[in-house]
Amino acid sequence: MPELPEVETIKRGLERKLIGQKLKNIEIFDSNYLLKNKVKNLNIIVGEKLSSIKRKGKYIIFFFEKNLLLFHLGLTGYFLFIEKNELDKGKKHIILIFEFEKEPFGYFDIRTFAKIKKVKVEEFSTLKELKKLGKDALEINLDEFKSIFWQRNRGVKNLLMDQKVISGLGNIYVNELLFRAKINPFKKSRDLREEEIERLFFQMKSLLGEAIDLKGSSIKNYIDTEGKKGEFQKTFLVYGKKGFSCPRCGNDLKYQKIAQRGTTYCPNCQSI
DNA sequence: TTCAGCCTGTCG
DNA sequence: CGACAGGCTGAA
């Protein structure tokens, strides 16, 4: 799925073209999808202007005048500026098209793990999806970051992947982050020295910053709102490098499931 | 804290 | 054909 850098890229792409525009129509192609998401009367948003778009963790929120739409793109959800008549060329998995005054864009979801929700703007602060999120990885400060590790004692990878603890990081960026910071993914959070936590913190910030600059990572499906792939995957040091050797020390990288997710790390550079 | 399950697609 | 894939939920 899109993780923080991809969601941020998508958010910026939408923002650039849509803020202030009025939604003229919603063309629904998969009403069953909306049914499964318990979204009713989506069309009441038609006629409203889009006032802002926000991101928290991996969620994107569209603020209209009276209603808001909350999206989580799951593993394979994406937005693409596209016209209805362009849909034929192999564009499957279309859920709907938001027809704005100038820029219509489609919402697609290949594996249907993405989520959409519509509520009144005033219900924003009550959204349980957002309330349970930990601080956004771009916003968290060093002191808050330290307390994350000291307040519980869990495996570091597990902890960083937990959106309730810190939001925005996913499997790609945690793999890369742990390698960059030379931290073993199994290491218990309370066993981290303060200096190691600081290393993680600053590496996390620069990793996310670089990834956003390169418009995210495209492994298979991810494309931005213009249909372009990201570039950050070209810089991967360990993610997806199963069977390769460590770019730092040359030892064999190790691959195993940690926290139910494929994990590649260097047992030498990232020793306990 | 684990783990199947939700889906579709691709790769070996 | 099985294994695996940017995520998350809820049940055991």
Starting at the 5' end of DNA chain C, which residue's closest nucleotide do you reach first, A/Tyr255 or A/Lys132?
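With A/Tyr255 and A/Lys132 compared, the 5'-side residue is A/Tyr255.
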Report yes or no: is the cationic atom of A/Lys54 (NZ for Lys, CZ for Arg) under 6.0 Å from the centre of the six-membered ring of A/Phe63, at an angle within 45° of the ring normal?
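The answer is yes; both the distance and angle limits are met.
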Interatomic distance where [atom1] belongs to [X] and [atom2] belongs to [N] [whole Å]:
X: A/Lys220; N: B/dC7; atom1: NZ; atom2: P; value: 19 Å
X: A/Leu75; N: B/dT8; atom1: CG; atom2: P; value: 14 Å
X: A/Phe113; N: B/dC6; atom1: CZ; atom2: P; value: 9 Å
X: A/Glu6; N: C/dG7; atom1: CD; atom2: P; value: 9 Å
X: A/Arg111; N: B/dT10; atom1: CZ; atom2: C1'; value: 11 Å

Nearest to side-chain heavy atoms of A/Tyr59, which nucleotide of C/dC4, C/dT9, B/dC7
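The closest nucleotide is C/dT9.
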Pairing of A/Lys66 and A/Glu122 as salt bridge, 4.0 angstrom limit:
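No, this pair does not count.
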Tell me which nucleotide, if any, is Watson-Crick or G-U wobble paired with B/dT10 when both distances must be under 3.5 Å.
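Paired with C/dA3.
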First encountered from the 5' end of DNA chain B, between A/Gly155 and A/Ile110:
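So the residue in question is A/Gly155.
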Check this for me: A/Lys182, atom NZ, are more than 12 non-hydrogen atoms of other residues, nucleotides or ligands nearer than 6.0 Å?
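For A/Lys182, atom NZ is not crowded (no more than 12 foreign heavy atoms under 6.0 Å).
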